[in-house]
Amino acid sequence: MTTIAKKRHDSRLRRHRRVRKKIHGTAQRPRLAVYRSNKHLVAQLIDDDSGRTIVSASSLEAEFRGKQSGGNVAAAKAVGGLVAQRAKQAGISKVVFDRGGFLYHGRIAALAEAAREGGLEF
């Protein structure tokens with residue numbers, strides 16, 4: 001890993017630890033954790049009290065593969081809508097947003113907005 005890439009990675013991890021100190025998911029209000037790679041997005045609703053994932057959605061799923069790229073804003077909106085739909089089916093309407101140290105911009109913001117439009121309250 002180059003020096004610049006290592007610095008960016010370390011900075012993201014520092015931001016992530018700082019954000020995670022302040023938020024905690026429960027069964028009534030789980031944590032919406034987002035992970036972004038160069039090619040894909042993953043969103044999970046996590047109950048930190050019991051340590052389990054309640055709902056997840058990803059651009060790696062079969063319904064996304066082959067149809068569109070997983071690393072763009074359109075895919076982020078689709079994943080956000082899907083996680084909101086699955087959360088509603090599980091009886092969850094309120095979540096706490098964990099951006100995972102990523103800046104609230106671009107794909108992360110698009111996923112959050114799509115989840116809000118899908119009926120999740122942050």
Side-chain angles (χ1 to χ4, degrees):
M1 195 181 296
T2 64
T3 306
I4 294 172
K6 181 156 178 47
K7 182 178 180 190
R8 285 183 183 157
H9 180 73
D10 292 342
S11 296
R12 185 191 77 79
L13 291 179
R14 259 196 319 275
R15 279 192 306 270
H16 183 55
R17 283 192 294 268
R18 188 171 58 234
V19 168
R20 283 288 286 124
K21 277 192 253 181
K22 299 173 185 173
I23 61 173
H24 183 79
T26 62
Q28 292 79 27
R29 190 173 178 139
R31 175 170 55 99
L32 175 58
V34 178
Y35 177 74
R36 172 183 68 90
S37 72
N38 286 338
K39 293 185 178 182
H40 297 287
L41 276 161
V42 178
Q44 296 178 323
L45 290 181
I46 302 170
D47 176 8
D48 289 319
D49 291 336
S50 64
R52 68 181 190 95
T53 299
I54 301 166
V55 170
S56 70
S58 170
S59 62
L60 287 164
E61 293 179 10
E63 53 198 64
F64 287 104
R65 287 188 170 234
K67 293 182 182 175
Q68 63 184 11
S69 170
N72 57 20
V73 172
K77 289 179 183 177
V79 170
L82 186 60
V83 78
Q85 175 188 359
R86 290 179 180 172
K88 286 295 184 182
Q89 290 173 353
I92 298 167
S93 61
K94 292 186 178 187
V95 297
V96 83
F97 188 66
D98 177 10
R99 60 188 174 93
F102 298 105
L103 299 179
Y104 188 84
H105 185 267
R107 289 186 280 164
I108 302 296
L111 187 142
E113 289 300 320
R116 280 190 191 102
E117 289 171 6
L120 290 181
E121 293 179 42
F122 290 17

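When each of Leu82, Val34, Val73 is checked for a side-chain contact (heavy atoms from CB on, under 4.5 Å) with Leu111, only Val34 meets the rule.
For the pair Arg12 and Phe102, the cation-pi criterion (under 6.0 Å, within 45° of the ring axis) is fulfilled.
Between Arg15 and Leu103 there is a side-chain heavy-atom pair separated by less than 4.5 Å. Contact annotation: the side chain of Pro30 never approaches that of Ile46 to less than 4.5 Å [non-hydrogen atoms, C-beta and beyond]. At a threshold of 4.5 Å between non-hydrogen side-chain atoms, the residues Leu60 and Lys39 do not count as touching. Between Lys7 and Ile4 there is no side-chain heavy-atom pair separated by less than 4.5 Å. Within the 4.5 Å cutoff, the side chain of Val96 has no heavy atoms near those of the Phe122 side chain. Between Arg20 and Asp48, the closest side-chain pair of non-hydrogen atoms falls below 4.5 Å. Looking only at side-chain heavy atoms (C-beta outward), Arg36 and Leu41 come within less than 4.5 Å of each other.
Atoms NZ and CG, on Lys77 and Asn72 in that order, are 10.0 Å from each other to the nearest 0.5 Å. Taking CG of Asp98 as the start and NE2 of His16 as the end, the distance is 5.5 Å to the nearest 0.5 Å. Distance check: Thr53 OG1 to Gln44 CD gives 4.0 Å after rounding to the nearest 0.5 Å. Here OG1 of Thr2 is found 12.0 Å from NE2 of His9. Values are rounded to the nearest 0.5 Å. With values rounded to the nearest 0.5 angstrom, Ile92 atom CD1 is found 12.0 Å from Arg29 atom CZ. Between the CZ atom of Arg65 and the OG atom of Ser58 there is a distance of 8.5 Å, given to the nearest 0.5 Å.
Here the shortest heavy-atom pairing between Ala75 and Gln68 reads CA-NE2, 3.5 Å. Ala114 and Gly81 get closest at one heavy-atom pair: CB-N, 3.8 Å. Across all non-hydrogen atoms, the minimal contact from Ser59 to Gly70 is OG-O, 3.6 Å. Pairing each heavy atom of Gly118 with each of Ala84, the nearest pair is CA-CB, 3.8 Å. The minimum heavy-atom distance between Asn38 and Arg107, with the atom names listed, is O-NH1, 4.0 Å. Between Ala90 and Val55, the shortest heavy-atom contact is CB-CG2, 4.0 Å.
Linking ILVMFWY side-chain heavy atoms closer than 4.5 Å, directly or via other members, places Tyr35 and Leu120 in a single hydrophobic cluster.
Side-chain atoms of Arg52 do not come within 3.5 Å of backbone N or O of Asp47 as any donor-acceptor pair.
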Run the side chain to side chain contact (heavy atoms under 4.5 Å, CB included) check on Glu61 and Val79 step by step: do they pass? CA-CA 10 Å; Glu61 293 179 10; Val79 170; over 6 Å; no
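Using a 30° and 60° split on the angle between ring planes, Phe97 and Tyr104 fall in the perpendicular class, above 60°.
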